[in-house]
K.L.:
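Quick one: the structure is below, questions incoming.
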Amino acid sequence: MASQTQHAFSPIDLHMHSLASDGTLTPAALVSRAHGAGVRVMALTDHDNTEGLAEAESAAVALAMTLIKGVEISSVWHDQGIHIVGLFIDPEDQVLQEGLARVMAFRDWRAEEMGRLLAGQGIADAAEGARNMASSPMVGRTHFARWLVQQGHCSDPADAFARYLGRGCHAYVPSDWIPMPEAVAWIRHAGGLAVLAHPGRYKLSGTQLRALLTEFRAEGGAGLEVSSGSQAAGDREHLGRLAKELEMAGSLGSDFHGPDMGHAAIGRLLPLPDGVLPIWQRAGFALS
Ligand code: AMP
Ligand code: MN
Ligand code: MN
Ligand code: MN
């Protein structure tokens, strides 16, 4: 049989951000843009909070789209910052919300600490500047990056990460996030499925990634993102093989942050490789 051309488009996109974290669109505008792109099933997965979900849900209902309620929790495993996406969560769940409040409190402290570190580099008032760049209580490095660019200290956000905000830079605060097992437990308590986000983006060897996934699965982790927005060649196939071998489900998501935020576009994704169990089937969702 002739090999099939694989188009980098998926009508299902289970990882994106709105103004409720470090995206640049309102939840309603994000849903509308996803609809316009041809996406029919989407998850909103803002960092460490679920404040955008109600607005996204209303917008999705109006457009006859399916919104899967999600969150992306900042977590840590053996000093390595990792992100865990929770899908199909109940945002009303108290255990989840108390947990997210702890992460947000660390974010607040970290923003002040980053402000102090930047002041030590001769850049004053950065924490306040970053808070002003944010449209919600969630302040992150992206907001610092935008402020550093606006103030003329950096040429673009990538430059801000390379010079100030990235791991090992002067304003980098070690990731004292929530240990992986706790993040998984909160997601499960909220009825959700825990998915390791963009596994190719961590500085982990193949052996370390396998160890992480094995522990993650033992804690109740359900799957991993096999197809991501900006992915190195071969990553999808490699992660697909890992998912099958470890009998974990596969998810896919663009990690879209906004129209002017780099290369990731909504739905610009290759499909899951053959034989990988889609995460929505784990959730009992029949998506056409
Ligand atoms: P935080 O969760 O506050 O530590 O910020 C992490 C966020 O920063 C990620 O979710 C991305 O949106 C963004 N980010 C990380 N690395 C870079 C980079 N090199 N250039 C631009 N944005 C980045
Ligand atoms: Mn982000
Ligand atoms: Mn992430
Ligand atoms: Mn993300």
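For this chain, numbers begin at 1 and follow the sequence in order. In listed order, ligands and their atoms are each counted from 1. In this text, all values refer to a predicted model and were calculated from it rather than measured experimentally.
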K.L.:
Measuring to the Mn ion (ligand 3), does His15 have an N/O/S atom at a distance below 2.8 Å?
P.N.:
no
K.L.:
Just going by heavy-atom distances, which of Trp177, Phe161, Phe144, Tyr172 is nearest to atom 17 (C) of ligand 1?
P.N.:
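That would be Phe161.
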K.L.:
Can you confirm if the aromatic rings of Tyr172 and Tyr164 lie within a centre distance of less than 6.0 Å?
P.N.:
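Centroid separation for Tyr164 and Tyr172: 6.0 Å or greater.
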K.L.:
Say whether His198 and Glu225, considering side chains only, have a donor N or O and an acceptor N or O under 3.5 Å apart.
P.N.:
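There is no such pair between these side chains.
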K.L.:
May I ask which of His47, Glu72, Arg110 has a heavy atom nearer to atom 3 (O) of ligand 1 than the others do?
P.N.:
Arg110
K.L.:
Starting from atom 4 (O) of ligand 1, locate the nearest protein heavy atom and write down its residue, its atom name and how far away it is, to 0.1 Å.
P.N.:
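The answer is Arg141 NE, 2.8 Å.
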K.L.:
Does the side chain of Arg107 pick up a donor-acceptor pair with the side chain of Ser74 at under 3.5 Å?
P.N.:
yes
K.L.:
Have a look at His83 and say which of its N, O or S atoms is nearest the Mn ion (ligand 3).
P.N.:
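Considering only N, O and S atoms, His83 comes nearest to the Mn ion (ligand 3) through ND1.
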K.L.:
How open is the angle at the Mn ion (ligand 2) from atom NE2 of His47 over to atom OD2 of Asp22, rounded to 10 degrees?
P.N.:
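Rounding to the nearest 10 degrees gives 100°.
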K.L.:
Just which atoms of ligand 1 are under 4.0 Å from any heavy atom in Gly140?
P.N.:
3 (O)
K.L.:
Side chains of His78 and Gln208: any donor to acceptor distance under 3.5 Å?
P.N.:
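No, no side-chain donor-acceptor contact under 3.5 Å.
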K.L.:
Can you find a heavy atom in the side chain of Val41 that is under 4.5 Å from one in the side chain of Ile68?
P.N.:
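Contact flag for Val41/Ile68 side chains = yes.
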K.L.:
Is there any N or O on Thr142 that sits under 3.5 Å from an N or O of ligand 1?
P.N.:
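Such a contact does occur with ligand 1.
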K.L.:
Looking at the Mn ion (ligand 3), which N/O/S atom of Glu72 is the nearest one?
P.N.:
OE2
K.L.:
Going by the atom numbers of ligand 1, which of them fall below 4.0 Å from some non-hydrogen atom of His257?
P.N.:
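Ligand 1 atoms under the 4.0 Å threshold to His257: 10 (O), 12 (O).
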K.L.:
Distance only, no hydrogens: is a donor on one side chain within 3.5 Å (strictly under) of an acceptor on the other, for Gln97 and Thr50?
P.N.:
yes
K.L.:
So which heavy atom in the protein is nearest atom 9 (C) of ligand 1, and how far is it from that ligand atom?
P.N.:
Asp22 OD2, 4.1 Å
K.L.:
If you define the side chain from C-beta out and look only at heavy atoms, does anything of Phe88 sit under 4.5 Å from Leu14?
P.N.:
no
K.L.:
Does one side chain, of His143 or Asp22, offer a donor that lies under 3.5 Å from an acceptor on the other?
P.N.:
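Absent: no donor and acceptor within the cut-off.
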K.L.:
With a 4.0 Å cut-off on heavy atoms, does Arg107 reach ligand 1?
P.N.:
yes
